[in-house]
Amino acid sequence: MNLQIRKPERIVIVGGGMAALTTAFELTSRPDWRERYDITVYQMGHRLGGKGASGRNQKRFDRIEEHGLHLFYGFYDNAFSVLRRCYDELARPAGAPLRTLEDAFHPHSLVVFEEQRGGQWHHQPLLFPRNDERPGAGTATPTPAQLIPKMLTFLLDLFDEQPLLKNPAATRGDRAALRLLRRGVAGLLGDLGEFLQRPGDGLVVVRREALLGRLLTFSRWTWRLCAPLLERRPDLRVAWTAVDVTLAMIRGMLADRLVEETAVDWLRLDHEDFRAWLRRHGASDEAIHASTVAGVYAGAYMADQEIGAGTALHWTLRMLYTYRGALFYKMQAGMGDVVFAPLYLVLRARGVNFRFFHRADALRLSADRSRVEEVVFGRQVAVKDDREYEPLYDVKGLPCWPSEPLYDQIEHGDRLADSGENLEDWGTRWPDAREPLVLRAGRDFDRVLLGIGLGAVPALCAEMIADPDNPRFAAMVRAVKTTHTASAQLWFRGDLASTGWQLPPPVMIPHAMPLDTWADMSHLLKRESFPGHVPAGSCAYLTAAMDDDQEPPVGREEAHGYCARQTARIRRLTEQHLRDSSAHLWPAAQKPGGGLDHRLLVTTDVGADPLDWQHFSPCLNPSDRYVRSIRGSTVHRLDAGASGYDNLVLCGDWTMNPMNLGCVEGATMSGIRAAQVISGEAIALHDDWLAARRPALRPPARERPRYIQRALNESTSPPYEARATAMYAAVLRAEPERLATLCEQHLGLNPARCYLPLGPSVVFYAQHNHALSAVDAPGVVPERDFGFLVPVAVCERRAGRLVPVGVAVYMPYLWVDLGAALLGGREVLGFPKGQARLAFPAAPDGAVELRVDAWLPPARGRGDTWREERLIDASLDGSARSRVRSLADALRSGFDLAWLASRGIDLAGQLRLLRALTLTLRTGGLKMVFLKQYRDAAACDRACYQAIVEAPCTRAGAPRVASQLPGALQLRILRRSGLLSELGLHGEGDDPERARVPALATFYTELDFTIGAADVVWAA
Ligand SMILES: Cc1cc2nc3c(=O)[nH]c(=O)nc-3n(C[C@H](O)[C@H](O)[C@H](O)COP(=O)(O)OP(=O)(O)OC[C@H]3O[C@@H](n4cnc5c(N)ncnc54)[C@H](O)[C@@H]3O)c2cc1C
């Protein structure tokens, strides 16, 4: 009998933030988890939580001290789901504080947007309607098509909900205008509902265009109607901008064809700024700069930045239209108490090990750089009698994290307490208590889960960033940016009303910098222990992003003193903010000369400025820096399973996750994704639109051999970025049967998928890429690139039928004029590039003369040498009348329904292809398909590698120039090259050497684009 006992996989988790704890929670949720895993969390300092950590200040009445203001959004399906299960398992006894999730999170619906006009700030309160759903109990996320009616209904609800809109001071005219506006929205709702219910309808394209026109007219009409109203009633501005922005979002979702996708690829919009996207879809300048839109930016700590449109739109749609219960939830104690203490207690009870005071200093790679060989930890303190550190203490019956370590459990704890050193400070000078702990792969662990914040990655992962074999890691660190944040908490002696604030307790955004966000958090006072003789009546949390005043330190040595300086800086900025901007919030709390009267703040330090007693929170550790989603950066994020190292899994709000935005939900999603990678199981992840992008057919990277990097290697890795590319494109008539044969010969290897020409046309293109760059090579190169494109339908073979799933282009022949481009193109993606001299017009307004001079074998006679010969030349024939009038016409002429039908594609499939083609034209997102192959060295008629590869090519922003040229390009193609018959081109003329091929139409464009890493959809 062969008894195999599988040893549990030893998993080292570095860092205990929301992401890593979620992974631990999911992996240990199965009853048999102990047979599979042995999990240990290593955490620097004395508490879990990272950016979400909070502590109780035992010297100041157990007041809650946060890293920054934290709110949960009602759409956090994953975070609430984890916490709901955690609270259920915690099963606190009746009467215990925060017994259930509902006790711990209370709904909050009032957001006061702030807008500056005429040098004055104005409150624009918006009360978000509630619904009956329970947070964390969600299942499916609505598709964009399902969301549009909700968006309009939401506007109607908003109209009905606003107490300010029912203002008795409104004139009859005002009310009539509002009624008209409401009626207009209701009318649109009817039209859109009907449109969206019948997406398969053949008239849909026409009706969409009509609808888009109608939406734009409605937006303009709304503005004309509202402009005079807004002059008189600025309090209505927020409602009006909500209408304008909503309409622009709907237009964008229709125009960019998001409504036709069930799993939208939001990344494809991320090259564009959200405001630019809204503007492109008809939002007015007023609305784009309105407080509601500014609130999206400020809420993501990106007030002065450009945010990726896909990420921001996805976030906005989820936030506004998929919340359960209420827009926001306020925690009923510190985030540490509400989130991280329960997670810690449940995980520990399940059997997860925790090692506090273990500061990870480095992850070291094996000699072949295929895996993490060592993880090195500094042991910051020793716990007395080598006992396990007990990190929580009781505040009014609630287990809470202290702001400082529980010194009595620590050897030399008194000295540490007196030293003023903070073990969470990356630059602390407190000497480690023991020699470093070095964990070794195989001996001590099988897998590492990296759960630290992105800001700390440069310090810990220097070897990975420098690894020439894994340029994506360095590219990710370069592209994804972080920011310092400033946070302050103020305790007032009086209640909120005594400060002069006249509305209910708000969340306010975006007010004046340097602290543009304020939330009243007075509900927390009852969880703190202020005695009767030190009354605290209200509490304000303020926060914003803070520019770096110096290069953020990476190493621990250079970090010394950094935190103290930043804390002092935040205190100074807070003082300035309270002096200059607090009158708008708290008019009754001002000094006679202006500025907040500090005497109204709680203090126990007689004689000192009461402001000093308040709490100011800097980034103690580079890991605490907030992760941003700058336009164009999200595509560089790495999936949990794509670290590039066999035994390293990533998690954190900086990894590729379906939210891709610095928030608890994003961190939770990344944690669940990491659990999926480790377990290999389909653990539920709500709204996982990325699943569609993960190539299921690909064997895991770690099972493939490592690419051996050589010095001066000209083969670089995608994404490739082309900036300022000038391109001529000419549409040529071709024989579809011939093209089908070509596609079958070149791409017909995959039994599950085929590529079929869309119709009787081929595109000749000639482009000059002025600045081409690769992710893993510094600098840019200029390169010319001429060739032929065949537009194809990508079809799956299902039950003997061809089912189109998209459109793509196949480039059977192309030439470049740069050796490096040739090498990289062939080796990485499989471009069948040849080298040639390529003549391209010096200036766009010069004569169009395009030439391909390639090395060709002699026409006859084995003894003759290869020569450079003119393969193709093309010039513009100004007298030729273009047979088509627009690019759309040109493409339509190349899209042949009868031809597709003859190849077995039914009407529904034909319409799907038409939609996909229009979407491609509109968004500039194109798929390229390649045959990648290498000849075998021994059996030369064999391939030693052969694959079908699909890569995304994405236009970045709108083209700078896009025009049809007068006349048409005339190509002259060398007859003996075989191109005419291969491509099914109709050659004209009597010249025995060269055939004339007139173009149907010729276009010129200037644009930027990116070619991303590919999917290997089939490999031999
Ligand atoms: C000021 C501020 C306010 C925010 N407000 C909100 C909000 O209102 N709502 C919302 O949803 N999100 C908010 N966020 C974002 C949210 O806090 C984060 O997205 C989330 O907490 C990130 O979790 P994480 O696990 O990815 O990373 P982290 O929380 O950064 O966790 C990293 C973990 O690694 C540990 N660590 C770091 N370095 C080391 C080391 N060398 N050795 C050992 N351990 C280490 C850290 O201590 C921590 O435990 C806010 C963020 C900030 C900064």
Side-chain angles (χ1 to χ4, degrees), residues 13 15-17 20-21 24 40-67 90 92 96-98 333-349 352-360 377-426 428-434 437 489 524 527-531 563 567 604 615 617 620-621 623-624:
I13 299 186
L21 294 180
T40 307
V41 179
Y42 291 85
Q43 170 62 51
M44 176 173 174
H46 66 283
R47 61 182 159 173
L48 301 172
K51 290 187 255 299
S54 71
R56 300 304 193 104
N57 188 328
Q58 291 177 283
K59 295 178 210 132
R60 293 190 174 165
F61 315 118
D62 301 318
R63 72 181 190 186
I64 295 165
E65 294 176 345
E66 296 272 355
H67 175 61
L90 200 58
R92 285 180 168 150
L98 310 191
M335 180 152 167
D337 317 331
V338 167
V339 173
F340 298 109
L343 279 172
Y344 165 73
L345 290 168
V346 164
L347 288 174
R348 207 177 70 157
V352 172
N353 308 302
F354 286 87
R355 302 276 178 271
F356 290 95
F357 305 109
H358 280 70
R359 182 196 61 242
F377 291 99
R379 288 189 273 197
Q380 299 181 289
V381 296
V383 180
K384 284 180 185 164
D385 306 323
D386 277 337
R387 279 201 302 264
E388 193 173 338
Y389 179 72
E390 296 291 340
L392 303 174
Y393 84 109
D394 186 288
V395 180
K396 297 183 172 173
L398 192 67
C400 297
W401 304 92
S403 284
E404 294 178 32
L406 296 170
Y407 295 108
D408 55 349
Q409 297 182 42
I410 294 172
E411 279 179 18
H412 311 298
D414 294 345
R415 260 205 280 142
L416 175 61
D418 294 343
S419 73
E421 289 289 337
N422 181 346
L423 299 180
E424 291 179 329
D425 177 351
W426 188 234
T428 177
R429 286 272 163 94
W430 183 255
D432 287 349
R434 305 244 166 101
L437 171 70
Q489 288 170 235
L524 297 178
R527 302 269 167 230
E528 301 170 334
S529 313
F530 286 93
C563 284
T567 312
T604 50
H615 178 63
S617 177
L620 291 169
N621 183 312
S623 167
D624 293 342

Discussion item. Before you tell me yes or no, could you show the steps for L423 and L416 under side chain to side chain contact (heavy atoms under 4.5 Å, CB included), namely the whole-Å CA-CA distance, both residues' side-chain angles and the distance that decides it to 0.1 Å?
Written reply: CA-CA 9 Å; L423 299 180; L416 175 61; 3.8 Å; yes
Practice prompt. Please determine if E404 and K59 form a salt bridge, counting it only when a charged side-chain N lies under 4.0 Å from a carboxylate O.
Written response: yes
Discussion item. Side chains of R47 and P391, heavy atoms from C-beta outward: is any pair under 4.5 Å?
Written reply: no
Discussion item. Quick one, Q380 and E421 - any side-chain contact, counting heavy atoms below 4.5 Å?
Written reply: no
Worksheet item: Within the distance-only criterion (no hydrogens, no angle test), does the side chain of E66 pair as donor or acceptor with the backbone N or O of M335 below 3.5 angstrom?
Response: yes
Fill in: Minimum heavy-atom distance between D337 and A333, given as atom pair plus value
OD2-CB, 3.7 Å
Discussion item. Does any part of the side chain of R92, heavy atoms only, come nearer than 4.5 Å to the side chain of P399, both counted from C-beta?
Written reply: yes
Worksheet item: Which heavy atom of F340 sits nearest a heavy atom of G17, and at what distance?
Response: CE2-C, 4.1 Å
Worksheet entry | pair E424-D624: side-chain heavy atoms closer than 4.5 Å | no
Discussion item. A quick test of your reading: do over 12 heavy atoms of other residues, nucleotides or ligands sit less than 6.0 Å from CG of D394?
Written reply: yes
Worksheet item: Do F354 and L347 pass the side chain to side chain contact (heavy atoms under 4.5 Å, CB included) test, and can you show the C-alpha distance, the side-chain angles, and the key distance before you say yes or no?
Response: CA-CA 9 Å; F354 286 87; L347 288 174; 3.9 Å; yes
Practice prompt. Walk me through it: do V381 and W430 pass the test side chain to side chain contact (heavy atoms under 4.5 Å, CB included)?
Written response: CA-CA 9 Å; V381 296; W430 183 255; 3.9 Å; yes
Worksheet item: Checking side chain to side chain contact (heavy atoms under 4.5 Å, CB included) for the pair L48/F356: CA distance, chi angles, key distance, verdict?
Response: CA-CA 9 Å; L48 301 172; F356 290 95; 3.9 Å; yes
Worksheet item: Hey, does the side chain of E65 reach the backbone of G55 with a donor-acceptor pair shorter than 3.5 angstrom?
Response: no
Practice prompt. Working to the nearest 0.5 Å, report the span between CG of N57 and NE2 of H615.
Written response: 8.5 Å
Worksheet item: Within the side chain of K51, is there an N or O that forms a donor-acceptor pair under 3.5 Å with the backbone of H67?
Response: no
Worksheet entry | Nearest-0.5 Å distance that lies between atom CZ in R348 and atom CG in L392 | 8.0 Å
Worksheet item: Do the rings of Y42 and F377 sit parallel, tilted or perpendicular, given the 30° and 60° boundaries?
Response: parallel
Practice prompt. Identify the two heavy atoms, one from R434 and one from A382, that lie closest to each other, and give their separation to 0.1 Å.
Written response: NH2-CB, 3.6 Å
Worksheet item: Can we say D386 and R379 salt-bridge, meaning some charged N sits less than 4.0 Å from an Asp/Glu carboxylate O?
Response: no
Worksheet item: Just by distance, do the side chain of R63 and the backbone of E528 share a donor-acceptor pair under 3.5 Å?
Response: no
Response to the item:
Heavy-atom closest pair (I13 atom, A20 atom, distance to 0.1 Å) is CG2-CB, 3.6 Å
Worksheet item: Looking only at atom types and distance, does a side-chain atom of Q409 sit under 3.5 Å from a main-chain N or O of R387, one as donor and one as acceptor?
Response: no
Worksheet item: Between Y393 and D62, is any side-chain donor less than 3.5 angstrom from a side-chain acceptor?
Response: yes
Fill in: Distance in Å, R56 CZ paired with I64 CD1, rounded so as to fall on 0.5 Å steps
4.0 Å
Worksheet item: Does G336 offer a backbone N or O that forms a donor-acceptor pair with the side chain of W401 under 3.5 Å?
Response: yes
Practice prompt. Provide the closest heavy-atom pair for L21 versus G16 in the form atom of the first, atom of the second, distance.
Written response: CD1-O, 3.6 Å
Worksheet item: What's the spacing between C400 SG and Q58 CD if we round to 0.5 Å?
Response: 10.0 Å
Worksheet item: How about M44 and S623: do any of their side-chain heavy atoms sit closer than 4.5 Å?
Response: no
Worksheet item: H46 versus Y389: any side-chain heavy-atom pair under 4.5 Å?
Response: yes
Response to the item:
Rounded to the nearest 0.5 angstrom, the OG1-CG distance for T428 and N621 is 11.5 Å
